[in-house]
Number of protein chains: 2
Amino acid sequence: MPHARLAVSTVIFALSPDEGAERPSLRLPLVRRLREPGLGRWALPGGWLPVDEALEAAAARTLEETTGLAPAHLEQLYTFGAVDRSPGERVVSVVYWALVHSDEVEQAVADENVQWFDEDELPPLAFDHLAIIGYALSRLRTRLEYSGLAHAFLGETFTMAELRAVYEVVLRKRLDPANFRRTMETSGALVDTGERKSGTPHRPPALYRFDPRAAPPRMPFAGSR
Amino acid sequence: MPHARLAVSTVIFALSPDEGAERPSLRLPLVRRLREPGLGRWALPGGWLPVDEALEAAAARTLEETTGLAPAHLEQLYTFGAVDRSPGERVVSVVYWALVHSDEVEQAVADENVQWFDEDELPPLAFDHLAIIGYALSRLRTRLEYSGLAHAFLGETFTMAELRAVYEVVLRKRLDPANFRRTMETSGALVDTGERKSGTPHRPPALYRFDPRAAPPRMPFAGSR
DNA sequence: CCAAAAGTGTTGCAGGTACACCCATGC
DNA sequence: GCATGGGTGTACCTGCAACACTTTTGG
């Protein structure tokens, strides 16, 4: 008797390194499909679930295999299981989404079969992966607001403007610098390192660090009573 | 070569019919396990995923098979896939959670192998099902607040006090009647039927109905841009 | 009339938005 | 000194929590 096959895929987000003075953009890596179904189209990194590997571990492994990077944040998104989502075979995909530090993206793997795409310049995608990416984007946007997740995009220290740029790119809207600063300061998640970033054409901004005590919220089993 | 097996389970919530004048309580049906592993313990309704059935359809079907009821709300919760969560065999469970109308619960099936339990009087549970129920409870609580989901517990018409009772039981805290009324009225999700419920020992309360235009928010693919 | 729930009004606090304004640096 | 982003102060608005108060029924 036939079964559904179980796959694990990951939507990986990073900010493009800000070459030049332009705004950074939200990017994600995709892999080219080398066999049917969907040959030649692009797809999310992933693969079949090994019997002896946890779901999250499988997501982290395929992330590492395709990009060479380790996730700064990794979280389950949704499980997609429509009967006809893959032609010829029943496939259920447990999908994760991940954030990686932007300054590591330069070292990330990219060849003719693995490429990074801008969030609004996606190529033709295999299966239902376009809808999955859309859902992952909406989840990223809501999560960013009610938990300080932006640090997963940034390095060890950062300026207030860099942090604000993360929010502006992800939320796709301009934020008031004054109010943004206050919101972040009163949230208690930031620590002023005392250092300043010099070399800017203007007044040198303070460098901040994330308060390690403000741990990122773990997903399940938080409210078990 | 072995694969992980795919199961679908559902956490089903209902309010106990308010027999007497006591507060209603949150209840859920469990099934007794008739074989190893976990023989004799109680477990969530569910089963193996058929190749030709969608995930949500499988959840709705097992819900109907164990309780005889149709879900007023059904939504994917999380997919659990730790390697050792089921002894002897690798099982990945896609878990849904559901709400059913409280006034139908009386007609619900219940025999020696299917019983309804109060949320804080749970019996010994098989596998990781206790943790799953805890997670479902936390999700129910947060969802209730930012989307008018309470109507899934209620019948066609209801009083403001009945609606408030749903919130109070689920959120486990007392709510101010005056402020609760205003919050609901300004939300625009309620329609005054003009009728009043008579036979109460005191001033007869107005009967409300949910505005059908205020549709429940569909889960995935909302923000695909 | 009285008890008790239904329903209305008012006040005050907290968080967020808009925007005016000062500060420090490179050129 | 001047342009520019860094950083501070403040007024206003809105939503909500608290709570006093009026209304309407059954006994």
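Given the structure is predicted, the values throughout are model-derived calculations rather than measurements.
Taking the ring centroids of A/F158 and A/F210, they lie under the 6.0 Å cut-off.
For A/R61, the salt bridge (Lys or Arg N to Asp or Glu O under 4.0 Å) partners at least two apart in sequence or on another chain are A/E53, A/E65.
Closest to the side chain of B/A178, from the set C/dG7, C/dT17, C/dG9, is C/dG9. The listed nucleotides are C/dC19, C/dA3, C/dT25; the one nearest the side chain of A/H202 is C/dT25.
Only one option out of B/L15, B/I12, B/L140 pairs with B/L99 in a side chain to side chain contact (heavy atoms under 4.5 Å, CB included); it is B/L140.
On a pure distance criterion of 3.5 Å, no polar donor-acceptor pair joins the side chain of B/R203 and the base of C/dA5.
Taking 4.0 angstrom as the limit, B/R182 places none of its side-chain polar atoms (N or O) nearer than this to OP1 or OP2 of C/dA6.
When DNA chain D is scanned in the 5' to 3' direction for atoms under 4.0 Å from non-hydrogen atoms of chain A, the outermost contacting nucleotides are D/dT4 to D/dT10.
Rounded to a whole Å, the CG atom of B/L207 is 15 Å from the C1' atom of C/dG7. Rounding to whole angstrom units, CZ of residue A/R181 and P of C/dT17 are separated by 17 Å. Atom CZ of B/R164 and atom C1' of C/dA5 are 9 Å apart (whole Å). Rounded to whole angstrom, the span from the CD atom of A/E145 across to the P atom of C/dG15 amounts to 17 Å. B/D192 has its CG atom 8 Å from the P atom of C/dG7, to the nearest Å. Nucleotide C/dA6 holds its P atom 14 Å from the CZ atom of B/F158, rounded to whole Å. To the nearest angstrom, P of C/dG15 lies 15 Å from CE of A/M184. With rounding to whole Å, A/L175 atom CG is found 13 Å from C/dG16 atom P.
At the heavy-atom level, A/A206 lies under 4.0 Å from the strands shown only through sugar-phosphate atoms.
Remark on DNA chain C: of its neighbouring residues A/T183 and A/P204, the 5'-side contact belongs to A/T183, judged by nearest-heavy-atom nucleotide. Sequence order on DNA chain C of the closest nucleotides to A/T186 and A/T200 puts A/T186 first from the 5' end.
Counting heavy atoms from C-beta outward, A/I132 and A/Y78 have side chains that stay 4.5 Å or more apart. Counting heavy atoms from C-beta on, the side chains of B/F13 and B/H73 never come closer than 4.5 Å. Within the 4.5 Å cutoff, no side-chain heavy atoms of A/T66 are placed close to those of A/P29.
Remark: side-chain polar atoms of B/H129 are not paired, donor with acceptor, to backbone N or O of B/A43 under 3.5 angstrom.
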